[in-house]
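Order of the sequence lines fixes the chain letters, A, B, ..., with proteins taken first and strands second; residue numbering starts at 1 for each chain. Predicted model only: the values in this text are computed from it and were never measured.
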Amino acid sequence: MIDGVTKAIAASIRRSMVAVALAGTVLGGCATGDTGAAEVWDPIETPNRFIFSINRAVDIIALRPLAVMYRDLLPERAQTGVRNVLDNLGEPVTAINEVFQGDPSRAATTMARFFVNSTIGLVGIFDVATALGLERTKEDFGKTIGMRAGVEPENGGFYLMLPAIGPSNARDGTGLMMDYLVDPFRILTFNLAVDWDWYQLGRYGMNAIDYRSRTIFALDDLEKNSVDYYAALRSAYTQNRAELIRQKREKTDTKGELERRDSLALAR
Amino acid sequence: MPLLASRRVVFGLAAAVAVSSFALPALAQDPAKLVEETAAQVIDIVKTKTGAARQAAVLQVLQTKFDLPYMGRSALGTHWNQATEEQRTRFLAAVATAEARAYSERFGQYAGQTLTVGKVANRANGVTVVDSRLNQSTGQPIKLEWEVRDGKITDVKVEGVSMVMTRRSDFNSYIQNNGGKVDALIAEMEKRAATQ
């Protein structure tokens, strides 16, 4: 049943991706040489660059300094604890995506992690589940779409610079929205009609600082060693996301191959 | 009979190996070895040298182990064809300096990193891809993929992000935003090499 729905969604997404890709070839047809995958489709580059400059200003003034302080002043173990709590809050969304990716057993493992860490791990501060052999995965709906859509993983639709969030594209932006909508913690705080604004703000704020603190080195390096930071980041983001999706696809391919061999062995 | 057959197979294989080793006399060094050697050299440089000495040593590694002209040409993309011989030489020199500086600063102080070489895959177009992992003393290992062609490294992918591809995007965008001329890019890179 779920698989049917997923397939229907995937099919419609695939159709729209093809349309997007077709539109891309038509629009960009005259501009392309042998540039190939290096060129990311960016039809709204001007507004994107504008958002990027605002993001950078906010980053330079507030986010990066906070992230540096967080990284350098907070003890390593406290940082791990914070990261574990945030990761733990994200586990249900990962599990939902794993169901949509057609891997319910992996989703069950993720939920087992969530229950173990939320209880024994004291609301997720300690990652007990990993010690028990339940490995952590991180999935999002952008990856789910990318895995199901029958296009090159480099093709995520048009490139999109989101305010405050940063580099994205049609695929990952849609994914982000879906993840936000299905997030049980968001639904819970909304439905209980409790004023948990501060909780939400704290969660997303801490997520931003934690994530930024882990990307300081890579982003500083990219900025220092590029002549057009915007274009370099656009390329790096697209390639990195494509790599994650490609890994996902390869994994399911091998799994499918093994299953095929198993059934062959049974038939024999 | 089976013994004979297997003997024939062995002979056949031996002959095939002999022929192929004669047919490819220029068969360069094993790609996995090349990657391991390069990593060992770089780690040694990071451990023992700093500042200008480190940059010079890194440049030397880049020039001996990497196919810099090939990488530079790929990074410039279509603009390579329009560039004059003089522009190409200047561009390649500027890229080499920029890469050497980037790498010597990137590593900072040695913090116990080691490189483990994994799977080696041959592509149809003569490129060998060497998978590896950079193990750090803290945190997750970093996934590094090396592309090797004719015994030289032509690209490094860090977590799927290709150095050459990112440069290409970066350079092309800069050229486009500066009148479509390669000169602007070369001037900017030379300026950067001179300062800092």
Participant: Could you tell me which portion of B:S74 (side chain, backbone, both or neither) has an atom closer than 4.5 angstrom to a non-hydrogen atom of chain A?
Facilitator: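 Contact with chain A is absent: no heavy atom of B:S74 under 4.5 Å.
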
Participant: Heavy atoms, side chains only, cut-off 4.5 Å: are A:Y237 and A:N169 in contact?
Facilitator: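 Side chain of A:Y237 against side chain of A:N169, heavy atoms only: contact under 4.5 Å found.
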
Participant: Has B:R54 got a side-chain atom pairing as donor or acceptor with B:V46's backbone, closer than 3.5 angstrom?
Facilitator: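 Looks like yes, one N/O pair under 3.5 Å.
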
Participant: Need one label for B:K143: side chain, backbone, both or neither, based on atoms under 4.5 Å from any heavy atom in chain A.
Facilitator: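 The answer is the side chain of B:K143.
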
Participant: Does some side-chain heavy atom of B:D170 sit less than 4.5 Å from a side-chain heavy atom of A:D228?
Facilitator: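 A:D228 vs B:D170: side chains touch.
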
Participant: Heavy-atom cut-off 4.5 Å, strictly under: side chain, backbone, both or neither for A:D221 against chain B?
Facilitator: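 Side chain only.
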
Participant: Could you walk me through whether A:F52 and A:L233 pass side chain to side chain contact (heavy atoms under 4.5 Å, CB included), step by step?
Facilitator: CA-CA 11 Å; A:F52 183 60; A:L233 183 63; 3.7 Å; yes

Participant: Please look at A:Q239 and chain B and tell me whether the side chain, the backbone, both or neither of the residue comes under 4.5 angstrom of a heavy atom of that chain.
Facilitator: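 Both parts, backbone and side chain.
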
Participant: Can you measure from CZ (A:R64) to CZ (A:R212) and round to the nearest 0.5 angstrom?
Facilitator: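 Between A:R64 CZ and A:R212 CZ, I get 6.0 Å after rounding to 0.5 Å.
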
Participant: Count the heavy-atom pairs under 4.5 Å between each of A:V227, A:N240, A:D220 and chain B, then report the option with the highest count.
Facilitator: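 Max contact count across the listed options: A:V227.
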
Participant: Under 4.5 Å from any heavy atom of chain A, what part of B:E188 do you find: side chain, backbone, both or neither?
Facilitator: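 Side chain only.
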
Participant: Quick one: which of A:A232, A:A218, A:S226 has the most heavy-atom pairs under 4.5 Å with chain B, could you say?
Facilitator: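 Going by pairs under 4.5 Å, I would pick A:S226.
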
Participant: Do B:F66 and B:Y103 make the cut of ring centroids closer than 6.0 angstrom?
Facilitator: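 Not close enough - the centres of the two rings lie 6.0 Å or further apart.
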
Participant: If I measure from the heavy atoms of chain B, does A:Y230 come under 4.5 Å with its side chain, its backbone, both, or neither?
Facilitator: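 Nothing of A:Y230, per the 4.5 Å heavy-atom cut-off to chain B.
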
